[in-house]
Number of protein chains: 2
Amino acid sequence: MLINELAKRTGLSVHTIRFYERYGFVKGTRNEAARNNYFHYDEEAVQRLELVADAKSVGFTLQEIAELLDAWYGNTYTKSQKRQIMLGKILVLDARIKELRDMKRQLQKCMEEL
Amino acid sequence: MLINELAKRTGLSVHTIRFYERYGFVKGTRNEAARNNYFHYDEEAVQRLELVADAKSVGFTLQEIAELLDAWYGNTYTKSQKRQIMLGKILVLDARIKELRDMKRQLQKCMEEL
DNA sequence: GTCAACCATAGACTATACTCTACTGTTGAC
DNA sequence: GTCAACAGTAGAGTATAGTCTATGGTTGAC
């Protein structure tokens, strides 16, 4: 698919996808035979961008997401390193969940005392 | 206390506190008798800034924090409006907790499949 | 009385994450 | 063959949340 379809599939804007391309979140392939220089994207591109969206919504920075994508799909890390990275992210999430729960408790207490 | 002590008590920098002052997160009082124009802060200022830090760590924007502080300490809203605001924030937190748990589950699944 | 440490205001600078504009080339329906 | 819709690159602009610099006045220990 071309970038426009990828945008529709992921709900991201074409601009944002191009921006993410600079981070290496997705990269299309060019058809040598064609005389245009359009990039083509596959299903993995959709999945990668969905992961980006999910990771962003839980507060990971684009830097962290780059690392996560590499651990998830890439081959720069060994299996053991990948597990380490994933585990690290899980611990961050646990800490964040705790903060959210604490804040919720504070809000509930404040409401009761009103 | 003066701003320097407030910074030490809250762990925020003096710069950040001054920046937050523009948002109305804290405001000091001036001593008319004194010939300086130093601002003095009370214990509520410490509490307010601690709430700001907590709210920030769970992902609220400064705009949202301004509203929360008003609902918490201010008198621009009625009790019923305050409860509405608090409840709104709690629902946001619930949604965010769910996202975090989903992401955690995804990461765990990915780790197992490695 | 002087010097470091503090106070205030105003405004410039930075990082992150987009978002948009300008410009140019390609494709496909009519 | 032309025109809207889409493709690409480069770079400017925006929003949020700080962070720092410049400048000048104040305080208190010595």
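Convention: sequence-line order gives letters A, B, ...; per-chain numbering from 1. Atom set for the values below is all heavy atoms of this structure, side chains included, hydrogens, waters and symmetry mates excluded.
- Following rounding to the nearest Å, A:L2 (CG) and C:dT27 (P) show an atom-to-atom distance of 11 Å.
- Using a 4.0 Å cut-off between a side-chain N of Lys or Arg and a carboxylate O of Asp or Glu, B:E67 and B:K89 qualify as a salt bridge.
- Using a 4.0 Å heavy-atom distance criterion, B:S13 is classed as making no nucleic acid contact.
- Rounded to an integer number of Å, the gap from CE of A:M1 to P of D:dC6 is 16 Å.
- Near DNA chain C, meaning a heavy atom under 4.0 Å from it, residues 16-49 of chain B has B:R18, B:R22, B:R30, B:N37, B:Y38, B:F39 in order of number.
- Comparing D:dG8, C:dC6, C:dA17 by their closest approach to the side chain of B:N4 singles out C:dC6.
- Put simply, NZ on B:K82 and SG on A:C110 are 8.0 Å apart, with the number rounded to the nearest 0.5 Å.
- With the nearest nucleotide of DNA chain C identified for both B:K8 and B:H15, B:K8 has the one nearer the 5' end.
- Between the P atom of C:dC18 and the CD1 atom of A:I65 lies a distance of 8 Å, rounded to the nearest Å.
- What you find for B:E99 and A:S57 is that their closest heavy atoms are OE1-O, 3.5 Å.
- Note that A:R96 lies in the cation-pi zone of A:F60, set by a 6.0 Å cut-off to the ring centre and a 45° limit from the axis.
- Within a 6.0 Å sphere centred on CD of B:Q63, other residues, nucleotides and ligands contribute 12 heavy atoms or fewer.
- For the pair A:V14 and A:N4, the tightest heavy-atom approach, listed with the atom from each and the gap, is CG2-OD1, 4.1 Å.
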